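Here's the structure, in structure tokens; my notes come after.
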Amino acid sequence: MPKNTETTDRHVVLGLFNPATFLPPVLEHIRSQGIPDLLMEILSPLPLETSLLNKPVRIPLHRLTIIGGIVGIGVGIFFAAGTALLFPLVTGGKPIVSIPVVGIISYETMMLMAIVVTFLATAIKIAFVQQSGLRNDPRIDEGSVGLSIQVGNDTAKAHTISQLLQEAGAFEVEIRTIASDS
Amino acid sequence: MNLYRRTLLKILGLTAAGSSLPGCEREVHNLVPYLLPDDNIVPGVANWYTSTCQECEAGCGTIVRVMEGRAKKIEGNPKHPVNEGKLCARGQAALQGLYNPDRLQGPLRREGKRGQGQFRPITWEEGLAEWVEQLRTHAGKSAMITRPVSGTLASLLTTLMDSLSGRLVMYESTGEQTLRTANHLSFGTHDLPYYDLANADYLLSFGAPFLEHWLSPVSFGVAYGKFRQGRPLVRGRFIQVEPRLSLTASNADQWIPLRPGTEGLLAIGIGQVLLRDGLTELSSFHRTSFHQTFSAFSLEDISTKTEVSEEMITQLAHELTSANAPLILGGGPAAAQTNGTTTLILINALNVMIGAIGRRGGLQWMEPQISPVDLARPGLASELTLMDLAGEFEQGSRTLLHLYRADPLFTLPPSLKFERVFDHAQFIVSFSSFLDDSTSMADLILPDHDPLESWGDVVQQDTIPVPAWSVSQPVVRALYDTRPIGDVWLDAAHRLGEPLRERVPWNTLHDMLKSRWQTVLTKHDSPQSFETRWRETLQEGGLWPSNIPMRQTNTVIPSITYKPPEFLGNSSEYPLYCYPYPSLGLHDGRGANRPWLQELPDPLTTGMWGSWIELNPTTAKALGIHPGDRVRVTSGYGSIEASVMVFPGLHPDMIAIPMGQGHRAYGRYAKGRGVNPMVLLGPSFDGQSGSLATGGTRVRVERIKGGSRLPMLEESGKNPVIGRIQETGGL
Amino acid sequence: MTDRPTVWEEMPKINRDLLSPLQTTTWTYYLWVGVLSCFVAAGAGAWTYQIQTGIGQTDLHHPIFWGSYIASFVFWIGVSHSGTFISGVLRLTNAEWRRPVTRMAELMTVVALLVTTLFVFYHLGRVWRFYYLIPYPNQRELWPNFRSPLMWDATAIFTYATASTIYIYLPLIPDFALARDRIQGWRKTVYGWLAIGWHGSQAQWRTLEMAIRIITPLIVMVMISVHSIVGFDFSMALVPAWHSTIFAPYFVVGAVHSGLGMVVIGLYTLRRVYRLHEYVRTEHFEKLGKLLLVTTLLLAYMYFAEQLTVWYGQVPDHMAVQNSLLYGAYAVPFWFMVSCIYIIPLVTLVWPRFRQWPVGLMMIGLIINLGMYIERMLIIVPPLARPRLSFQWDEYFPSLIEFAILVGTLALALLLYSLAVKFVPVISIWEEKLGKKHAQEH
Amino acid sequence: MALLAGSMAMGVGALYSIGSADLPVQDQQPVRFSHRQHAGTLNIHCQFCHRYATQSPVAGVPSMALCQTCHESLSETTPDMKMLRIYWKEKRPIPWVRLQRLPDHVYFTHEMHLFAGLSCTSCHGNVSGMSSTPRAPTYEMGWCLTCHEQRGASHDCWTCHK
Amino acid sequence: MSQDPQATEEYSKTAASPYKWEMVVDLDRCSGCEACVVACHAENNIRISGEEEAAEGRAINWIRIERYWEGDYPNVKAKFLPVMCQHCDDAPCEPVCPVYASYHTPEGLNAQVYNRCIGVRYCGNNCPYVARQFNWFDPHWDEPLAEQLNPDVSVRSGGVMEKCTFCVQRIRSGKEAAHKEGRRVRDGEITPACVQSCPTSALIFGDRNDPDSRVSHLKKSRRGFHLMESLGTHPAVTYLRRLSE
């Protein structure tokens, strides 16, 4: 694939650290390079308790769950009450629209939709995190922590940061270049 | 109700036998049109044709629902005086005789040895030629055994056998010969009376199975409904006395079991009380003669022998006299002993004592009427008559045997050695529709049409308030290459030439039938032409005059000496009485090839598709036998093996076995299924009537290995007790 | 970053240990799979035969219209509660010891639910018309009847199956990523898809954890509703001894009881086969033993309450059923069942020493599941066999075809589980690491 | 993508119409009978041939004799007319290929539908304009129901299911 | 057709339809002769199960005569109870069907739509009268027995639940006949096969909405009761108690 222009390529710098490394000073250095927290990411084999980066976590999952649940209730009401009204057949003297039945079915469909919507949102969120180009390094899972910084198309800056990470104790630093229109 | 029905039904009468009953619009992917349209037939719309049921001798009128040339259902003819629109299980199952997969589809000639059951199809011409040849060869030596037939066919057969110097034997194993003899001896007439159950208010029955198969079960069923609930304020009371709680007995208000064969003794006891307490008004002649008869035993003695308490005997007598219209019946096990006739005469005497003769709600005879067929019904043969016939075959004075819908090899006990007839007969012709046990011994089979395919008429003058002359017409076109027996005989008669030809000049039975009916239908003064009247008759299903006067009957009861029943086999070796009873569905076995009847649960044991041995629970316990165990029943004449059903309503010294199973042939549904209890019976007869005493053989029961799952409707086989079911309101 | 390095250093070993079932396969495994496949094939053959000839290949007959298939359906639904209970309830209560158990239990849930669905199809008289059960617009303009408890059931099971699949999948994403990076060949591609671009960034971790936190209580609620509705299938009917208010909670507890039993069996077997002693320790068995003791007592309490009510009331319809259990036609299986699910677990599990004996616990798990299977049969058959009209009383025992299908399906469940073990790490790797980390921190 | 959409549409369609009673048979009759000719050009009334429609559940195929009432006096101008004559001479009924067939579980009666005032064309379409044998637009339950709904006829399942 | 306002009031539930079909079984008349059983088989194309299936308890009877024993020899009694579908107003079998194969018609019949049935058999469990019967296999008639089959009743395939319909095909044609004449169905004009055949007239069928029908009169009998009344199923079949002293 021919590269159109150098300028549209983006660079990602990934540094691998021993988990014992104290990272906050490193991050400070990078921030001082004019790179906002938003473009930094810490990769780990475990969820880390402490949040070193100052990034707003805006995942409206709860809200989506509730919306899913409400949609589910609607589906349940359609199934239990709507379909019964579409072709009303008396069975066993029970009312065509039986409230307990609507309750039970709506409960199940509410749960179903809530869980499915939550899952879809999660999956989408995981699959399409803003920072594209982040790649897992198998070595992280072997017990290291990765620090990845997006530096845009500024090649020089990438090298600077790479240098910085090495100095901070990264045992491996890698610059990845991603073609913009890939 | 019946009036409304008539508007709904289109009851049709066919006027010509060959009327083109259609091909059909079958559920296939082709639409096959009729070549010629038939005005009577609208595809998709049912026609109803009248007919007469020929499953038993009661002669119920039927209507048959026919759609596109196929008979769909048989129902009772609502206008018929015998059954008033009702029909029993067996009558309705006649359809499965018509559409039976094992029906013979054309004439057959035996191949291989007799009895091997190998036949080859032949043409009618071949068959008729050979048969006529045999008739010539065995001139004057032929005999015919048929199930009772009546009307024109009976007339034809009688005439022909008469002309051929042959012997015509009409035999029916449940023909109630004992009753006929007893009534003849009591009242001097061969006709059976009309038992006016519907108008009686008290019924004492000595074993008469009138709700099962006795005489005219549908007619009795209709009457029974009225007897119980048909009148405001009056509900008939019903007591049944017999050693086994039959279906009829289970409908009784009280069932009184007694020692088998002592029904006559109980009748004596009741009569004694009636006479003693002056509860009867009798002529001095009867008083004297009855006094002798009824004082022969002390009440105490009677009570010991019958196992019915003295109080009960007295109570029965008193109940009989306090009732307005009491009626006493006798039959079933009471007639199935060596003293059967005596017992029934004693019962008749009781009827005389309670004034039931000629009374509303009692026994009635009608004045004889002119019927389309002068000869109502030739007398039925008893088993002793059959023995006599067998003797003739042995001596060689009879050599040619004809069989028609009779299966003596199945219905007679092997101990009578009736197979002698088949061994000695030089040629056997059968007209049966099925390869039953006897027909499979035949040399030539010329299968008859099914009754639903043929013309016929039935004359019913017994056990009925008005005479019924019913017709049957072909409601469907013959399915197979069969020919009506009447036509075949007429054909043969014509082939044999004069003088037979002259005596039966008709070409078909239909012609003969019409010519005979012509005399009756034109006698009734009516301006209409015969054809119109005939068509009307066919639409009605027959002819039954109303307002027939009752006939006065003289009681000619002789002074009777009670004879205790005799049993074959000594009580130490064979401790139990054996009572084979006709099954509700299969009757004497003729219903065994109809899957509906095979699958019809016996109402009391709920057994289906097989045979079983009924044992009293106490007896079973004493013998260490559990329900479902396999046992061998042995008499001095044979033994059978079957599963046990514990039956609470049975005398402890008795076993009961349903008849009708154990065929060696008779199609896929009957063959090899269950056992035939006749195997057990010895040659024990009621001397007066010549009937086989089916209850006259003793047996023993022993447990053998194995056990099988007998199909039962009551699936647990645990004899549910009423206390266990909830909220049925005590039924 | 204050953690001591040990857990980080252990990570390569943990990865190696827990991924090894995915990477190395012994001939005994192939043999096992081969044998199971034969059984599955036999079962499939039996089912085909049943479809071809008719549902009459079972021993069912009126009035016993439900038999082994529905009993198995209930049983397998019960088994499916293992995963949800262990991972759901224990996650909710932050029980740390759950970590090595959750994945294998969740796998059981998914497999059991698959199998459960099969039993519905086995049971149908005209399985080829199953689509009448699906609510979708059609030319008949007719929908299924949601007033039927069976439709509640269908809805609940669909929800439950979907939710459990999601619930096992979410924590698997990091593990799939791990496998993606370490396993070559076609599986790498599949893992790649399933890992949906996982790279372990904190944003991903946070999303994942939040999703798990949201779904966990939901799925516990679904779990409870599912078995309640299975209980409703029976208690909504007028059949004596079915028509009981305790059925819904009783079924839930019963399900957990057999589910836990199954987890113990699975845990023991996997630990033995894949030498996971380092991860699955006696401590886990002991905890499960305690839980089993609790469910035993709870279930016994409910069962006693139910039977006592019947006995004291002496309503004949109900007594007919109870009598058939206590000393009638079903007494032998009944007392066997009582000892299997109540007496034996009770007298053994109360001993702390016993609870530390994995083999013993595994045996108890087996006994409980055998007993629970019989219990399912006894819940279904005797009440049907003793209808109010005693003329119709009857008995039932599964036919050979039924047995073939039941065994085939058990084999299928084992086969699916065995195959899944080759595809999915049986212990959640990242959760195990996290657990270790937590342990070291405290 | 189009393939996927197409197959999905087909799948949905199949799911929608599954269980419909339409027969897939083509109109290939042993004798090429034209309704356009008989009902259209010659303007013969439907019930002249299908004479049982007002009195029976089935409308009935005309008997061969009925065909002859007209055809006897006609000269054989087409091969099909010759075929008809041969069938008649051999006294063989024509095995028409069935195009409309309700399943066994459906109770349908022409009689009551005509009694209710429907005309033949309401269901069978404009037969006089069709060269081949006409058939109902579709034999789907929804089709029946729609008409019943519009005309206020019974919606009870047992009106039509037996 | 005069409508008793009270009766209309009482049956307002079914007022949507002019008819409400009910049956009365007079146990004092029933003799247990089983004519009804064969009539039902002939009318309704009930399959022949054969010995093997019958032994497995699979024989199909839409109407059966149950026999209950009372007492021990010699004071033993056998009592008959004809049981068919009771066509309950509040039928337990109906709501449990997941596909509406079982439902209640406006005329008070408990309907089973065979082609809709998928054979989950829940209805069978839930019928306290064990009136529902299942086709465990495809039916089979040896040729030419199938010629007898009633074209007005569908032949049920294997895997389908079936039961007494009060001979709905007869009701249908009776109503059509009445409709063409622009009148109501008369009492006694429609009889199910069992009622038609019953020799003792123990079975009576009619329209409960017609206050003059025999069924309406007999239902008021002091002998009347319903099977398992306390279950609240409100059967359309009324039994009249058998009398005994």
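The sequence lines fix the lettering, A, B, ..., with proteins before strands; numbering per chain opens at 1. Since the model is a prediction, treat every value here as computed from it, not as a measurement.
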Margin query: What I'd like to find out is whether the side chain of A:Thr122 reaches to under 4.5 Å of the side chain of C:Ile166, using heavy atoms alone.
Written below: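 The answer is no, as the side chains (C-beta and beyond) never meet within the 4.5 Å cut-off.
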Notebook entry, point to check: Is the closest side-chain heavy-atom distance between C:Arg182 and A:Glu142 below 4.5 Å?
Noted result: yes
Residue [X] versus chain A: region with a heavy atom under 4.5 Å:
X: C:Pro149; answer: neither
X: C:Thr162; answer: side chain
X: C:Ile229; answer: side chain
X: C:Leu434; answer: both

Next item on the list: Could you tell me whether the side chain of C:Lys433 and the main chain of A:Asp141 form a donor-acceptor pair under 3.5 Å?
Entry: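 Yes; judged by distance alone, with no hydrogens or angles, the pair exists.
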Next item on the list: Without swapping roles, check the side chain of C:Arg147 against the backbone of A:Val90 for a donor-acceptor pair under 3.5 Å.
Entry: no
Is it the side chain or the backbone of [X] that comes within 4.5 Å of chain C heavy atoms, both, or neither?
X: A:Thr91; result: both
X: A:Phe78; result: side chain
X: A:Leu86; result: side chain

Notebook entry, point to check: Does CZ belonging to C:Phe158 count more than 12 external heavy atoms closer than 6.0 Å?
Noted result: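 Count not over threshold, so no.
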Next item on the list: List the atom of A:Val101, the atom of C:Phe146, and the distance in Å for their closest heavy-atom pair.
Entry: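 That closest heavy-atom pairing would be CG1-O, 3.0 Å.
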Note to self: To check you understand the geometry: which heavy-atom pair defines the closest contact between A:Pro47 and C:Trp430, and what is its length?
What the structure shows: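 Heavy-atom minimum between the residues: CD-CE3, 3.9 Å.
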